[in-house]
Peer 1: 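Structure in structure tokens, see below.
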Amino acid sequence: MTNSILYVLLGLTLISITHSAGFDTFFFEPKVQKDISEQYFFVTEPKDTTAIVGSTVILNCAVGNKKGLVAWVKTTGVNQRVIISLDNSVIVPDQSLMIGSRVGGRDFDLLITNVAPKDEGFYTCFVSAGGRDPPIVSASALLTIVT
């Protein structure tokens, strides 16, 4: 990851000043927080769901005024959390998981096909905006699998 991308993800602006003596000074400045009307928010959040083995489940997450990254996190126990997606890309090796999203859209629904007992757990949608804006966290939805 290049430094300039890292600065953007962290919500920082790199300021460079060249002095008459020929040396440069660098400092970082947080990006200015926008008006409250531009704040991001959840349009829909995931809800507890019970599914039969082999069925398909959709857990909803839609974000208004999205900025930053949307991530789905699965929790199966204390300190057993796995980030399963970033925006519309699944980052775990599980072909039963997909994100139903259009590029630039607000929907980041998690689609789980052919559900199995391994899919049981709590699912939470996170949005990290960077800058001075704090992340937002959806309600956690419990996915229960029955045979």
Peer 1: With a 4.5 Å heavy-atom cut-off, do C61 and L59 have their side chains touching?
Peer 2: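 No, too far: nothing below the 4.5 Å cut-off.
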Peer 1: Taking a hydrophobic cluster as the set of Ile, Leu, Val, Met, Phe, Trp and Tyr residues connected by side-chain heavy atoms closer than 4.5 Å, whether directly or through intermediates, do I84 and V63 fall within one such cluster?
Peer 2: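 Yes, one cluster joins them.
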Peer 1: Of all the heavy-atom pairs spanning S85 and I91, show the shortest one and how long it is.
Peer 2: N-CG1, 4.0 Å
Peer 1: Would you give the length of the straight line joining atom CG of L86 to atom CZ of F108, rounded to the nearest 0.5 angstrom?
Peer 2: 11.0 Å
Peer 1: Just jot down the salt bridge (charged side-chain N to carboxylate O under 4.0 Å, His left out) partners of K66, sequence neighbours excluded, or say none.
Peer 2: D87
Peer 1: Can you sort out the partners of D48 under salt bridge (charged side-chain N to carboxylate O under 4.0 Å, His left out), two or more places apart, ordered by chain and number?
Peer 2: none
Peer 1: What pair of heavy atoms forms the shortest contact from T75 to R81, and how long is it?
Peer 2: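 Closest approach of T75 to R81: OG1-CG, 3.4 Å.
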Peer 1: About how many Å separate CH2 of W72 and OG of S138, when rounded to the nearest 0.5 Å?
Peer 2: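 Reported value, rounded in 0.5 Å steps: 6.0 Å.
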Peer 1: Show me the donor-acceptor pairs, under 3.5 Å and distance only, between side chains in residues 140-147 and residues at least two apart or in other chains.
Peer 2:
| unit_1 | atom_1 | unit_2 | atom_2 | d |
| --- | --- | --- | --- | --- |
| S140 | OG | T124 | OG1 | 2.6 |

Peer 1: Kindly write out the residues that satisfy side-chain hydrogen bond (donor to acceptor under 3.5 Å, both in side chains) with N60, not counting sequence neighbours, or none if the list is empty.
Peer 2: D109
Peer 1: Write down the atom of P117, the atom of V53, and the distance for their closest heavy-atom approach.
Peer 2: CD-CG2, 4.2 Å
Peer 1: Kindly indicate whether the side chain of V127, heavy atoms from C-beta on, has any atom under 4.5 Å from the side chain of F42.
Peer 2: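 Heavy-atom side-chain distance check passes, below 4.5 Å.
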Peer 1: Would a 4.5 Å heavy-atom cut-off, applied to side chains only, mark C125 and V70 as touching?
Peer 2: yes
Peer 1: At what distance, to the nearest 0.5 angstrom, does CG of N65 lie from CZ of F41?
Peer 2: 5.0 Å
Peer 1: Contact between Y123 and L110 at the side-chain level, heavy atoms closer than 4.5 Å - yes or no?
Peer 2: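 Yes; the side chains approach each other to less than 4.5 Å.
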Peer 1: Could you walk me through whether V73 and F126 pass the side chain to side chain contact (heavy atoms under 4.5 Å, CB included) check?
Peer 2: CA-CA 8 Å; V73 175; F126 290 80; 3.5 Å; yes
Peer 1: What are the two closest heavy atoms between V115 and A51, and how far apart are they?
Peer 2: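 Minimum heavy-atom contact is CG2-CB, 4.0 Å.
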Peer 1: Which of these, L111, I112, T113, sits in a side chain to side chain contact (heavy atoms under 4.5 Å, CB included) with I58?
Peer 2: L111
Peer 1: Can I136 be reached from I99 by stepping across I, L, V, M, F, W or Y side chains whose heavy atoms are under 4.5 Å apart?
Peer 2: yes
Peer 1: Which pairs with one or both residues in residues 91-100 pass salt bridge (charged side-chain N to carboxylate O under 4.0 Å, His left out), sequence neighbours excluded?
Peer 2: D94-K118
Peer 1: Grab the two heavy atoms, one from K74 and one from E120, that are nearest each other, plus how far apart they are.
Peer 2: CE-O, 3.4 Å
Peer 1: Using side-chain hydrogen bond (donor to acceptor under 3.5 Å, both in side chains) as the criterion, list what pairs up with Q95, not counting sequence neighbours.
Peer 2: none
